[in-house]
Amino acid sequence: MNTTNATSETSAAPRKGLKPYQLSIALGVGIAAFTMISGIIPNFVHWKSDSPIHREVFEGIPGYLQIAFYTIIPALLVFGSLQFANRIRNWERGAPDRRKTTKKNFKQRLADYRAGVYMRTLLRDSAAGLMHSMIYFGFLVLLGVTTVLEIDHQVPPALKFLHGDVYRAYAAVGDIAGIVFTGGVIWAIIRRYVQRPYRIRIKSKPEHAIGLGVLLAIGVTGFTTEMFRIAESQAAGVNMDHEKWSVLGYPLAQLVNGWSVSTLDTTHQVMWVAHVLAFIAFLIILPITMLRHMFTSPLNMYLKDRERPKGAMKAMPNLTETSLETFGAHVVEDFTWKQLLDLDACTMCGRCTSVCPAHATGKPLDPREIVLKSGEVMAATASHARGGKVTPPLSVDSEITISANSLFERITSEEIWACTSCKACDEICPVNIEILDKILDMRRYLSLMESDFPAELGNAYRAMENQGNPWGMSQSDRGEWAKDLDVTVLDPGAAFNHEYLYWVGCAGSFDDKNKKVTQSMAKLLKRAGIDVAILGPSEMCTGDSARRSGNEYLFQMLAMPNIEMLNGMGVRKIITQCPHCFNTLANEYPQFGGTYEVIHHSQLLEHLIDSGKLDISDATLEERITYHDSCYLGRHNDVYMAPRNVVSSIKGVDVVEMPRNGTKGMCCGAGGARMWMEETIGTKVNDERAAEAISTGASRVATACPFCYIMLDDGVKGAGKEEHEVKVADISIHLLDAIENGERLRAESSAPLSAPVAGE
């Protein structure tokens with residue numbers, strides 16, 4: 001069996017040259033040296049602009065304060081680089097992870113970076129996105145304004161450019177950026193301490209107040225320093241009309257127009273010192289508080305692209321041959337360096353918390369807590385740092401102690417098993433943190449190393465191992481659904497000479513509801529003239545539930561014979577109706593040498609309708625219908641429109657969306673092997689989703705996943721709705737209903753009104 005891809009993601013060549021943490025120190029020392037030199041040179045060359053429309057750097061600031069500035073700031077830059085180096089050394093504790101930038105992925109990396117820094121994900125929440133954009137872009141422009149002023153300060157008179165109209169524009173840009181920045185900070189303070197949305201309120205810490213206070217102080221003291229600088233020059237008789245382009249600083253200066261020159265001079269110096277102290281405070285807290293995400297988050301966004309597909313779990317070697325002694329993640333070092341970078345890139349925004357179906361229904365899981373708690377363990381066990389630790393991602397209550405580098409010092413197995421693997425947390429994260437990977441890696445450890453999994457999951461394991469399917473049904477019954485249909489069942493090992501293999505899946509073969517889906521699809525494929533065959537008893541479970549619950553050994557035990565059979569038969573094209581089978585066959589079997597062209601039945605039906613191969617000209621249903629997004633079709637594989645297009649192609653239907661749809665769609669509760677576990681805490685996920693479907697007023701609910709079909713149908717019935725009130729079914733059933741309804745209506749309309757009477 002080919003397993004060369006199984007370890008490609010974590011293999012990496014030995015690093016040459018400086019290590020990343022050494023680069024951090026070198027960069028900090030370099031910037032500090034440049035800053036110090038930039039303060040020394042002007043005192044020797046005395047280059048000044050002769051234009052009356054310009055700004056004199058350090059105008060009115062005594063020399064001893066300038067010396068202090070160019071001494072303290074470089075020292076803090078070195079301090080910050082050393083603090084960041086300690087954090088980078090923490091990341092280096094992790095296992096290898098292939099995230100190298102290449103010619104092939106460079107364009108995608110830049111696109112991921114731009115999407116992050118342009119706040120595209122944040123702007124899904126327009127208010128929060130705009131607020132962050134104001135702070136972020138305002139700060140960047142102010143940083144640029146300061147840098148430009150310093151550059152102009154360093155060059156000889158013939159090369160100075162900040163004068164005349166250029167200076168006027170410069171002054172306007174600086175003030176507008178300052179207004180935007182300060183306004184964003186004030187908005188953030190109001191949002192955190194006045195509006196107090198739940199996901200922010202539950203994690204507000206003193207350091208948030210300190211960070212926002214420092215940023216506000218930078219903005220306010222910047223304007224007051226400018227205000228008194230302009231007022232001081234005006235009081236001394238200097239024409240400052242050009243400063244009218246300072247759209248806030250100049251009007252503020254007029255408020256103190258009558259003050260004496262000496263008072264204005266003293267106040268200007270005090271405000272300048274306050275502004276510098278605010279900046280010093282910023283440099284001190286930047287590497288040791290969550291403000292560090294200003295650097296770590298953009299880096300994480302840039303590194304988003306990876307070799308494995310979006311829906312694939314991290315590969316593992318063949319467990320029957322490997323020399324590995326431990327599997328999954330239980331200590332910090334079991335995560336990859338990228339997974340550890342994630343922990344320091346988190347902004348603690350709580351968006352993952354707000355979309356987690358387990359958290360929303362009262363389960364122990366909170367995705368943000370998984371990141372925070374893992375980060376706490378990493379920070380508390382940094383043996384390379386002074387005191388053996390660095391600051392945690394977010395301050396920790398004093399009674400919490402961490403004695404070892406085990407992730408389970410802070411994370412419970414109940415949290416890990418509550419996950420439905422819906423990927424909503426990953427999808428919503430504005431800085432591309434891979435939360436689900438961490439949960440699934442910890443599941444691997446619990447399942448393979450500790451046998452710590454819910455008891456009912458053990459029943460599914462035994463059924464998959466002994467019967468080849470989690471339902472525990474006899475393999476000989478796999479093809480029973482097709483006994484009255486014209487469907488070709490292949491003999492084991494027979495050469496495959498059909499266009500498509502129809503991978504029915506366990507639910508489609510054994511579950512009574514989903515047998516109807518399989519039969520409907522078979523009829524639709526027959527109508528479209530598609531040449532398909534099924535494996536029948538030769539088909540085994542793809543192993544999705546085993547892998548998502550951490551039992552990699554069982555997954556491989558199921559996957560490898562499937563791959564060997566498919567490869568031996570020469571199968572190339574596969575149709576699936578189960579998104580879990582679709583994801584496994586398309587994205588994970590290639591890790592073990594099984595590469596096929598896999599298409600979900602929603603995609604095939606869309607193609608057949610668009611191409612005219614499936615005639616739906618008479619298909620009609622005068623009903624309201626809503627579509628529920630499957631997590632493994634949508635967020636795991638970005639297939640959102642195909643099922644919708646199939647449903648909307650039916651004449652007469654009124655298609656309505658649930659409040660949570662598309663990338664924000666809510667899970668049915670069955671993913672991540674939760675299908676086989678009891679749900680005893682809080683509200684059942686499927687009940688909450690069913691209530692949302694019912695609230696649309698739809699008479700039909702469309703699904704494109706067998707698990708979703710079961711869960712929503714149970715939820716709707718549990719809410720007291722009978723099938724004639726709200727019919728839950730797969731898109732193929734709704735489509736076939738519409739076609740047959742249209743044919744019936746046409747037959748009725750073409751029938752004679754009455755039979756002729758003999759002799760008339």
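Numbering starts at 1 and runs along the sequence shown. Basis for what follows: all heavy atoms, side chains included, without hydrogens, waters or symmetry-related copies.
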What are the two closest non-hydrogen atoms of [X] and [Y], and how far apart are they?
X      : Y      : result
Pro393 : Leu372 : CB-CD2, 4.1 Å
Ser24  : Ser81  : OG-O, 3.1 Å
Val145 : Gly174 : CG2-CA, 3.9 Å
Gly39  : Asn43  : O-ND2, 2.7 Å
Arg196 : Arg201 : O-NH1, 2.6 Å
Ala345 : Ile433 : C-CD1, 4.1 Å

Less than 3.5 Å apart, any donor N or O on the side chain of [X] or [Y] sitting next to an acceptor on the other?
X      : Y      : result
Thr336 : Asp97  : yes
Thr353 : Arg199 : no
Ser260 : Thr263 : yes

Quick check: are there more than 12 heavy atoms from other residues, nucleotides or ligands sitting under 6.0 Å from [atom1] of [X]?
X      : atom1 : value
Phe161 : CZ    : yes
Trp91  : CH2   : yes
Phe34  : CZ    : no

For Trp259, check ring-ring contact (aromatic ring centres under 6.0 Å, His included) against everything at least two apart and list the hits.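 Residues passing ring-ring contact (aromatic ring centres under 6.0 Å, His included) with Trp259: Phe228.
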
For [range], which residue pairs qualify under salt bridge (Lys or Arg N to Asp or Glu O under 4.0 Å), counting only residues two or more places apart or in two chains?
range            : answer
residues 294-303 : none
residues 378-406 : Lys205-Asp397
residues 152-166 : Asp165-Arg168
residues 234-251 : Arg229-Glu243

So, [X] and [Y], do they make that salt bridge, N to O below 4.0 Å?
X      : Y      : result
Glu434 : Arg306 : yes
Glu56  : Lys48  : yes
Asp437 : Arg308 : yes
Glu415 : Lys373 : yes
Arg351 : Glu427 : no

For Gln234, which residues count as a side-chain hydrogen bond (donor to acceptor under 3.5 Å, both in side chains) partner, sequence neighbours excluded?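 Counting only residues at least two positions away or on another chain, Gln234 forms a side-chain hydrogen bond (donor to acceptor under 3.5 Å, both in side chains) with Tyr250, Gln254.
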
I need the Leu76 CG to Thr35 OG1 distance, nearest 0.5 Å.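 Rounded to the nearest 0.5 Å, the CG-OG1 separation comes to 11.0 Å.
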
Atom pair CG/CG of Leu77 and Leu27 - distance to nearest 0.5 Å: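 Nearest 0.5 Å value for the CG-CG distance: 9.5 Å.
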
Could you go step by step and tell me if Trp337 and Leu303 meet the side chain to side chain contact (heavy atoms under 4.5 Å, CB included) rule? CA-CA 11 Å; Trp337 65 261; Leu303 293 169; 3.8 Å; yes

Checking Tyr302 against Asp112 for the side chain to side chain contact (heavy atoms under 4.5 Å, CB included) test, could you report, in this order, the C-alpha distance in whole Å, the side-chain angles of both residues, the deciding distance, and whether it holds? CA-CA 6 Å; Tyr302 177 76; Asp112 292 334; over 6 Å; no

Side chain proximity check, [X] to [Y], heavy atoms < 4.5 angstrom:
X      : Y      : answer
Glu232 : His268 : yes
His208 : Tyr193 : yes
Val247 : Ile179 : yes
Asp50  : Pro157 : no

List the residues meeting salt bridge (Lys or Arg N to Asp or Glu O under 4.0 Å) with [X], not counting sequence neighbours, and say none if there are none.
X      : answer
Arg87  : Asp344
Asp441 : Lys314, Arg444
Arg109 : none
Lys304 : none

With side-chain hydrogen bond (donor to acceptor under 3.5 Å, both in side chains) as the test, would you mind laying out the steps for Thr391 and Arg292 before giving the verdict? CA-CA 11 Å; Thr391 55; Arg292 74 179 72 87; 3.3 Å; yes

Tell me, with the steps shown, if Asp342 and Asn300 meet side-chain hydrogen bond (donor to acceptor under 3.5 Å, both in side chains). CA-CA 7 Å; Asp342 278 354; Asn300 211 53; 3.0 Å; yes

Test Ser49 against Arg55 for side-chain hydrogen bond (donor to acceptor under 3.5 Å, both in side chains), laying out the working first. CA-CA 9 Å; Ser49 174; Arg55 181 187 301 179; over 6 Å; no

Ring centroid separation Phe69 to Phe279 under 6.0 Å: no

Pairs where residues 213-227 contributes a residue and the test side chain to side chain donor-acceptor pair (under 3.5 Å) is met, not counting sequence neighbours: Thr221-His275, Glu226-Ser246

Tell me which one of Thr296, Leu291, Val431 satisfies side chain to side chain contact (heavy atoms under 4.5 Å, CB included) with Thr347. Val431

CA sep, side-chain torsions, deciding dist, call: Ser395, Glu207, side-chain hydrogen bond (donor to acceptor under 3.5 Å, both in side chains): CA-CA 8 Å; Ser395 57; Glu207 67 192 71; 3.1 Å; yes

If you look only at distance, which donor and acceptor atoms sit under 3.5 Å apart when one is on a side chain in residues 130-141 and the other is two or more places apart or in another chain?
unit_1 : atom_1 : unit_2 : atom_2 : d
His132 : ND1    : Ala128 : O      : 2.9
Ser133 : OG     : Gly129 : O      : 2.8

